[in-house]
Amino acid sequence: MKVFTDSTIKGRLGVNAIKTKKHLYDYLVFDSTNERNFAVELDMSTDVALYAKLPNGFYISTPVGNYNPDWAIAFYKGKVKHIYFAAETKGSMSSMQLRSIEESKIHCAREDFKAISSDSVVFDVVDSYQSLFDMVMR
């Protein structure tokens, strides 16, 4: 819980922060245009109940180092197959553009979520809200 109450995240509205409706907090500080666009789509979706941009203090220990997924998303029950989704947003889905160490961390995170959640939490890499939605509707 401490990682969600740490107030060290700082941003400037209109520069690297936006006002939100469904985010855990009233404002979201984003790292890239892709993250901002993803958050805007999450906010507008009628299927999303709540989401959070995961803080740096939230991580998964892997054999190749700590890994920090980007998002945790809760969907309304009954509308989609998976209720909870942890996502890593990338501007491109091409694994060739991911560094090999990051690709290894993502692989470990996928396996970790499979082991601890018995399919109630899904983790994967997406490049847009549409690719996320397509994935959870499978």
Side-chain angles (χ1 to χ4, degrees):
M1 288 301 293
K2 187 176 188 293
V3 297
F4 289 104
T5 58
D6 187 5
S7 62
T8 60
I9 299 172
K10 301 210 185 305
R12 289 185 51 207
L13 199 57
V15 176
N16 69 333
I18 57 172
K19 177 105 173 99
T20 61
K21 297 175 189 153
K22 296 180 181 181
H23 189 266
L24 186 60
Y25 304 112
D26 293 334
Y27 297 91
L28 168 96
V29 175
F30 54 88
D31 298 329
S32 66
T33 302
N34 192 47
E35 282 189 1
R36 183 190 64 76
N37 294 343
F38 190 73
V40 167
E41 291 188 80
L42 290 172
D43 246 14
M44 293 182 346
S45 173
T46 57
D47 297 313
V48 173
L50 177 75
Y51 69 96
K53 170 102 171 66
L54 296 170
N56 290 335
F58 179 90
Y59 61 87
I60 298 164
S61 295
T62 77
V64 290
N66 291 340
Y67 174 67
N68 173 239
D70 288 332
W71 306 94
I73 304 152
F75 294 93
Y76 286 109
K77 189 173 183 173
K79 289 199 173 193
V80 295
K81 183 178 176 184
H82 303 288
I83 299 170
Y84 302 100
F85 195 95
E88 175 70 31
T89 47
K90 295 293 176 200
S92 168
M93 293 298 285
S94 170
S95 61
M96 297 300 286
Q97 292 184 349
L98 295 177
R99 296 177 313 196
S100 62
I101 192 77
E102 186 176 22
E103 197 171 335
S104 296
K105 288 179 182 181
I106 290 169
H107 171 75
C108 291
R110 274 190 191 106
E111 296 304 313
D112 195 41
F113 277 105
K114 278 184 205 173
I116 64 171
S117 71
S118 59
D119 293 333
S120 62
V121 177
V122 176
F123 172 83
D124 218 326
V125 178
V126 296
D127 61 356
S128 66
Y129 178 75
Q130 187 60 53
S131 64
L132 164 71
F133 191 74
D134 292 345
M135 194 173 295
V136 298
M137 289 304 286
R138 284 190 222 149

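Position 1 is the first residue of the sequence; numbering continues from there.
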Note to self: Quick test of your reading of the model: are Arg36 and Asp31 salt-bridged, counting only N-O distances below 4.0 Å?
What the structure shows: no

Item checked: Single-linkage hydrophobic cluster Tyr59~Trp71, side-chain heavy atoms < 4.5 angstrom -> no

Next item on the list: Taking the side chain as every heavy atom from C-beta outward, state whether Thr33 and Phe38 have any pair of such atoms under 4.5 Å apart.
Entry: no

Next item on the list: Measure the acute angle between the ring planes of His23 and Tyr51, then classify it against the limits of 30° and 60° as parallel, tilted or perpendicular.
Entry: perpendicular

Notebook entry, point to check: Restricting to pairs with a member in residues 104-113, which pass side chain to side chain donor-acceptor pair (under 3.5 Å), not counting sequence neighbours?
Noted result: Arg110-Asp124, Glu111-Lys114

Next item on the list: Work out which heavy atom in Leu54 is nearest to a heavy atom in Pro69; give both atom names and the distance.
Entry: CB-O, 3.5 Å

Checklist line | Side-chain H-bond candidate by donor/acceptor type, Asn37 with Glu41, under 3.5 Å | finding: no

Check: Are any of the side-chain heavy atoms of Asp47 and Tyr76 separated by less than 4.5 Å?
Finding: no

Margin query: Keeping Asn68 on the side-chain end and Phe58 on the backbone end, is there a donor-acceptor pair under 3.5 Å?
Written below: yes

Margin query: For a side-chain contact (heavy atoms from CB on, under 4.5 Å) check, start with the C-alpha distance between Asn66 and Ile60, then their side-chain angles and the critical distance, and finish with the verdict.
Written below: CA-CA 6 Å; Asn66 291 340; Ile60 298 164; over 6 Å; no

Notebook entry, point to check: Is any side-chain heavy atom of Phe30 closer than 4.5 Å to a side-chain heavy atom of Ile18?
Noted result: yes

Item checked: Chi angles and distances behind the side-chain contact (heavy atoms from CB on, under 4.5 Å) call for Asp70, Lys53 -> CA-CA 6 Å; Asp70 288 332; Lys53 170 102 171 66; 4.1 Å; yes

Note to self: Between Ser45 and Leu42 (side chain of the first, backbone of the second, donor and acceptor by atom type, cut-off under 3.5 Å), is there such a pair?
What the structure shows: no

Margin query: Using a 3.5 Å distance criterion without hydrogens, assess whether the side chain of Asp43 forms a donor-acceptor pair with backbone atoms of Lys21.
Written below: yes

Next item on the list: Answer with yes or no whether the side chains of Thr20 and Tyr27 bring together a donor and an acceptor at under 3.5 Å.
Entry: no

Item checked: Contact check, side chains of Met44 and Tyr129, non-hydrogen atoms, under 4.5 Å -> no

